[in-house]
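Have a look at the structure below before the remarks.
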Amino acid sequence: MEKLMIAGGYPLKGTVRISGAKNSAVALIPATILAESPVTIEGLPDISDVQILKDLLEEIGGTVEFTENDMTVDPSSMISMPLPNGKVKKLRASYYLMGAMLGRFKKAVIGLPGGCHLGPRPIDQHIKGFEALGARVTNEQGAIYLRADELRGARIYLDVVSVGATINIMLAAVRAKGRTIIENAAKEPEIIDVATLLTNMGAKIKGAGTDVIRIDGVDHLQGCQHTIIPDRIEAGTYMIVGAAAGEGVLIDNVIPHHLESLIAKLREMGVQVETNDDQVFVGPAEKMKAVDIKTLVYPGFPTDLQQPLTSLLTGAEGTSMVTDTIYSARFKHIDELRRMNANIKVEGRSAIINGPIQLQGAKVKASDLRAGAALVIAGLMAEGVTEVTGLEHIDRGYSHLVEKLNGLGATIWREEMTEEELEQMKNA
Ligand code: EPU
């Protein structure tokens, strides 16, 4: 097992290219199940979640070719194989196999998903949607069993605005009979990306990106070619890196419109941010000011950037308050930041950060993906060397993180953990 070593304090400069969006990729890959001929997705990120989904498609009989970042899936020989255990447990997004397999085979057995521990993450809205479409859904020993004689379009109002439920219901509804209307749908760019793929496959979807999505079911979907959107959360992470340790960082292959809430907050902090069609430039701040942040559904401030931004705010003058309205327990990075000398306390759903503080290198542990990003940013800001364990979380979502940061002039490397460290981790 490896850990990440970061020698802090090196000024970063240059250009970093953003990969395809993880949270699109993990839905686009299962969506290929719904087609009857090969689908090609171009520009996928090189992350472990993509690899696991590829393996899962092969487990159910798909033929998958994956070279560099392009994946071609031939779904014609797939069968509705039960997947109650194993790799489905390794990622949250395996729940998209439910919607896609239900849509194609009218049945599916999928183990309850894994993923980052951020507080309770129920899937009741997904299930409510499947049931409204005519499926019988039961939970048997940690696996969800779905079965329908036929799927019929329905009007579904989501009680909670959910990215996963919106996409999953779209996947199940595109081959249902008649019209489905999803009300109070989530509006994230990844939903539009999935709807674009499905539309290119022959689905009839209107309103993706608004809070009412209308789907007219079709009998057949065929293969197509699709290029994934850039990862707005990876881009946002590098924008924060630029603000934290940069002397001018250009983030390339971005849709700046997807990042308006972060751009506004960075500017409010005094950070120089310029945008053009597909790039964002982040210049150094003379002095950063504290700001308050509340995470919200898109286009509000994304919960996925809350943790990375918290690290940056340790260097800002004054008191900042970061409130996460989406996840109640997305604060596991705070204890680790405190080990690095940060002055932060957590009260309910808020973190209160007093700055500016000079962070110090320390041994810290990433408990989830974005906590990992937050600790890497803190390590770049810190004096001395920071060791980050829990790398498997970071590898789930950041493509070539070490190479990209070193390309900007950082000093960061992976190192094998010693026997003693592994033993300590086991007993922790
Ligand atoms: N919720 C329910 N019931 C449901 C579904 C969601 O109560 O049936 C609640 C959740 O507990 C949460 C809120 O609704 O409080 C929003 O959850 P949502 O369903 O939108 O989240 P998700 O689809 O499970 C995706 C991303 C997350 C990101 C959230 C919010 C994927 C695979 N994951 O999760 O990404 O934080 O949307 O934007 O797309 C990450 O990338 O680090 C990550 C965790």
Side-chain angles (χ1 to χ4, degrees), residues 19-31 45 47-50 52-53 88 90-99 112-132 137 139 144 156-171 182 184-194 211 228-229 231-237 258 261-262 295-309 323-330 332-333 349 366-374 390 392-399:
S19 302
K22 161 188 166 279
N23 288 345
S24 268
V26 295
L28 296 171
I29 297 169
I47 53 175
S48 60
D49 273 11
V50 163
I52 294 169
L53 283 166
V88 285
K90 291 204 163 170
L91 77 165
R92 175 92 185 144
S94 51
Y95 54 36
Y96 290 133
L97 296 168
M98 295 179 196
L112 275 169
C116 295
H117 297 288
L118 314 172
R121 298 180 78 182
I123 56 165
D124 55 303
Q125 299 302 306
H126 305 232
I127 290 169
K128 169 179 159 171
F130 298 145
E131 286 178 338
V137 186
N139 178 347
I144 302 289
I156 300 156
Y157 179 88
L158 296 181
D159 302 318
V160 182
V161 181
S162 158
V163 176
T166 303
I167 293 179
N168 233 342
I169 295 168
M170 271 195 327
L171 294 174
I182 311 173
N184 202 27
K187 297 186 278 200
E188 270 68 0
E190 292 75 20
I191 292 163
I192 305 178
D193 203 24
V194 177
D211 56 9
I228 192 169
I229 56 168
D231 194 315
R232 65 193 165 97
I233 306 301
E234 189 198 17
T237 304
H258 290 169
S261 57
L262 175 65
T295 66
L296 291 168
V297 295
Y298 186 83
F301 193 90
T303 169
D304 297 340
L305 288 174
Q306 173 265 105
Q307 293 157 295
L309 198 80
T323 306
D324 200 317
T325 71
I326 311 285
Y327 294 116
S328 56
R330 209 171 196 177
K332 297 216 181 79
H333 57 304
R349 283 178 168 242
S367 52
D368 57 80
L369 170 59
R370 309 300 171 189
E392 66 282 7
H393 296 292
I394 301 178
D395 290 339
R396 284 191 40 226
Y398 287 95
S399 199

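Computed from heavy atoms alone, side chains included, the values below leave out hydrogens, waters and symmetry copies. Both ligands and their constituent atoms are indexed starting at 1 by order of listing.
Short contacts between ligand 1 and I123, defined as distances under 4.0 Å to a heavy atom of the residue, involve ligand atoms 4 (C), 8 (O). Atoms of ligand 1 lying under 4.0 Å from any heavy atom of K22, numbered from 1 in the order shown and given with element: 40 (C), 41 (O). In summary, the atoms of ligand 1 found under 4.0 Å from a heavy atom of L369, numbered by their order in the structure, are 42 (O). Interface of R92 with ligand 1, defined as ligand atoms under 4.0 Å from a residue heavy atom, comprises 24 (O). Heavy-atom contacts of Q125 reach the following atoms of ligand 1: 3 (N), 4 (C), 8 (O) (cutoff under 4.0 Å). Taking a cut-off of under 4.0 Å to the non-hydrogen atoms of R330, the atoms of ligand 1 that pass are 36 (O), 40 (C), 42 (O), 43 (C), 44 (C). For ligand 1, the atoms closer than 4.0 angstrom to any heavy atom of H126 are 8 (O). Residue V163 has at least one heavy-atom neighbour below 4.0 Å for each of these atoms of ligand 1: 18 (P), 19 (O), 20 (O), 23 (O), 37 (O).
The shortest separation from a heavy atom of Y95 to ligand 1 is under 4.0 Å, placing the residue in contact. Contact analysis leaves E190 out of contact with ligand 1, as no non-hydrogen atom separation drops below 4.0 angstrom. Using a 4.0 Å cutoff on heavy atoms, Q307 does not count as a contact of ligand 1.
Residues K90 and R396 are not in side-chain contact: their nearest non-hydrogen atoms beyond the backbone lie 4.5 Å or more apart. With a 4.5 Å cut-off on side-chain heavy atoms, L309 and L262 count as touching.
The backbone N or O of V161 sits nowhere less than 3.5 Å from a side-chain atom of Q125 that would complete a donor-acceptor pair.
Closest approach of F301 to S261, counting heavy atoms only: CA-OG, 3.5 Å. Listed here is the closest heavy atom pair of P30 and L97: CB-CD2, 4.1 Å. The shortest non-hydrogen separation linking G397 to I47 is C-CG2, 3.5 Å. The two atoms that bring Y327 and R349 nearest to each other are C-NH1, 4.1 Å, heavy atoms only. Listed here is the closest heavy atom pair of I167 and A27: CG2-CB, 3.9 Å. Between I191 and A186, the shortest heavy-atom contact is CD1-O, 3.3 Å.
Just one residue in the list D324, T295, T323 forms a side-chain hydrogen bond (donor to acceptor under 3.5 Å, both in side chains) with Q306, and that residue is D324. Partner of K22 under the side chain to side chain contact (heavy atoms under 4.5 Å, CB included) criterion, out of D304, L369, V50, I233: L369 alone.
Using a 4.0 Å cut-off between heavy atoms, S162 contacts ligand 1 through both its backbone and its side chain. Only the side chain of D304 comes within contact range of ligand 1, with a heavy atom under 4.0 Å; no backbone atom does. By the criterion of a heavy-atom distance under 4.0 Å, the side chain of Y327, and not its backbone, is placed next to ligand 1.
Summarising the contacts of atom 32 (C) of ligand 1 with L158, V160, N23, the nearest heavy atom is found in N23. Among A93, A21, P122, the residue whose heavy atom lies nearest to atom 7 (O) of ligand 1 is P122.
At a 3.5 angstrom cut-off on N or O pairs, I326 counts as close to ligand 1. Taking distance alone, with nitrogen or oxygen atoms compared against 3.5 Å, T303 stays at or beyond that limit from ligand 1.
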